[in-house]
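None of the values given here were measured: they were computed from a predicted structure.
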Amino acid sequence: MLTLPEEPSFDDIYISYQAKFIRFALFYVSNRQIAEDIVTDSFVNYWENRKRLPVDTNIPAYILTCVKNRCLTFLRDTRLHEEILQGIKELEEWKIQLKISSLKACDPFELFTSEMHEMVNHAINSLPAKTKQIFLLSRMEEISHKEIAIKTGLSTKSVEFHLTKATKILREKLKDYYILILFI
């Protein structure tokens with residue numbers, strides 16, 4: 001009668017090779033807990049698949065191959081994780097540099113002044129046509145009331161009326177910004 005060799009117990013295999021395989025894994029993964037987990041998982045993998053393996057399988061070589069493959073997977077995952085972190089770090093550095101450049105290029109006085117000019121121009125453009133014309137002649141071209149009257153064919157009193165009207169409308173439209181406009 002032919003007898004098959006007796007299968008070694010899990011404990012026998014584990015006790016014989018566990019420490020050696022942990023040292024092997026630790027060399028590559030540099031973390032004792034991870035190395036122990038890899039070795040334990042490799043032993044469990046062998047034990048769960050032992051019935052499907054050929055009878056002449058070299059058990060330590062099989063388990064060490066599992067350890068090797070799990071170490072490779074861990075190292076690849078670690079490298080990918082590091083590459084992703086590096087990409088995120090580079091993106092954050094780029095964002096910070098962009099913000100620094102943007103702040104250095106920012107001239108608040110210029111921005112504030114152009115915004116104020118835009119609001120004033122919008123308010124002036126909302127004036128009635130004749131009032132706007134007289135206001136611009138007086139304030140922008142610095143023409144006297146008498147000269148505006150001659151130019152527009154109106155009396156001096158009408159010119160003063162339109163200027164008073166323009167001032168009142170502009171004061172109302174720009175009331176929230178009046179002090180800032182005076183400052184500028």
Side-chain angles (χ1 to χ4, degrees), residues 22 25-42 44-45 66-184:
I22 288 175
L26 187 57
F27 179 79
Y28 293 102
V29 300
S30 303
N31 180 305
R32 182 147 194 93
Q33 184 60 51
I34 293 170
E36 288 175 4
D37 290 346
I38 287 173
V39 170
T40 300
D41 289 347
S42 298
V44 169
N45 175 276
C66 289
V67 170
K68 175 192 93 164
N69 290 336
R70 289 171 195 272
C71 287
L72 282 170
T73 300
F74 173 80
L75 292 172
R76 285 183 190 122
D77 290 349
T78 301
R79 181 178 59 200
L80 179 61
H81 181 74
E82 291 299 320
E83 287 172 359
I84 290 169
L85 287 178
Q86 182 63 31
I88 290 170
K89 182 180 176 191
E90 288 172 6
L91 178 63
E92 289 303 314
E93 287 174 5
W94 178 80
K95 283 181 184 177
I96 289 170
Q97 191 57 43
L98 182 64
K99 288 177 182 179
I100 290 169
S101 298
S102 176
L103 279 173
K104 283 181 177 178
C106 176
D107 183 355
F109 185 76
E110 183 180 306
L111 291 173
F112 190 67
T113 303
S114 66
E115 188 176 309
M116 283 292 123
H117 283 298
E118 188 177 313
M119 288 189 304
V120 169
N121 286 337
H122 182 55
I124 290 171
N125 288 332
S126 71
L127 294 171
K130 188 55 96 176
T131 304
K132 177 182 171 183
Q133 177 192 14
I134 292 169
F135 178 81
L136 291 174
L137 289 171
S138 172
R139 298 296 196 265
M140 302 302 174
E141 295 183 29
E142 299 178 0
I143 299 175
S144 70
H145 294 188
K146 187 175 181 181
E147 290 176 298
I148 294 171
I150 294 168
K151 202 172 199 174
T152 59
L154 298 172
S155 68
T156 306
K157 288 286 183 199
S158 291
V159 169
E160 289 172 3
F161 167 78
H162 281 287
L163 287 173
T164 303
K165 181 179 175 180
T167 304
K168 182 179 176 187
I169 291 171
L170 291 174
R171 195 172 280 142
E172 179 60 32
K173 288 191 179 274
L174 300 170
K175 68 182 174 194
D176 296 334
Y177 307 99
Y178 190 68
I179 292 175
L180 296 174
I181 291 170
L182 290 176
F183 174 72
I184 292 172

N/O donor-acceptor pairs under 3.5 Å from side chains in residues 30-39, not counting sequence neighbours:
unit_1	atom_1	unit_2	atom_2	d
Asn31	OD1	Gln33	N	3.0
Asn31	OD1	Ile34	N	3.1
Arg32	NE	Glu36	OE2	3.2
Gln33	NE2	Asp37	OD1	3.0

| field | Contacts of Phe74 that satisfy ring pair (Phe, Tyr, Trp, His ring centres under 6.0 Å) - sequence neighbours left out | value | none
| salt bridge (charged side-chain N to carboxylate O under 4.0 Å, His left out) partners for Lys99, two or more places apart | none
| task | Kindly say whether Asp41 contributes a backbone atom to a donor-acceptor pair with the side chain of Asn45 at under 3.5 angstrom? | result | no
| task | Check salt bridge (charged side-chain N to carboxylate O under 4.0 Å, His left out) between Glu92 and all other residues, then give those that pass, not counting sequence neighbours. | result | Lys95
| note | Glu172 meets the side chain to side chain donor-acceptor pair (under 3.5 Å) criterion, sequence neighbours left out, with Lys175
Enumerate donor-acceptor pairs with a distance under 3.5 Å from any side-chain N or O in residues 159-170 to protein atoms, sequence neighbours excluded.
unit_1	atom_1	unit_2	atom_2	d
His162	ND1	Thr131	OG1	2.9
Thr164	OG1	Glu160	O	2.8
Thr167	OG1	Leu163	O	2.8

| For Ala149 against Ser155, the heavy-atom pair lying closest together | CB-C, 3.9 Å
| task | For Arg139, check salt bridge (charged side-chain N to carboxylate O under 4.0 Å, His left out) against everything at least two apart and list the hits. | result | none
| Partners of Glu147 by salt bridge (charged side-chain N to carboxylate O under 4.0 Å, His left out), sequence neighbours excluded? | none
| request: Give, for atom OG of Ser144 and atom CG of Leu137, the distance between the pair rounded to the nearest 0.5 Å. | output: 10.5 Å
| said: Taking side chain to side chain donor-acceptor pair (under 3.5 Å) as the definition, give me every residue that meets it alongside Glu90, ordered by chain and number, with sequence neighbours left out. | reply: Gln86
| Tell me, which pairs form a side-chain hydrogen bond (donor to acceptor under 3.5 Å, both in side chains) where one or both residues lie in residues 72-85, sequence neighbours left out? | none
| query | For Ser126, what residues pass the side chain to side chain donor-acceptor pair (under 3.5 Å) criterion, not counting sequence neighbours? | reply | none
| Passing option when Ile148 is tested against Leu154, Ile143, Leu136 for side chain to side chain contact (heavy atoms under 4.5 Å, CB included) | Ile143
| field | For Lys151, side chain to side chain donor-acceptor pair (under 3.5 Å) partners two or more places apart | value | none
| note | Taking every heavy atom of Lys146 against every heavy atom of Thr156, the minimum-distance pair comes out as CA-OG1, 4.4 Å
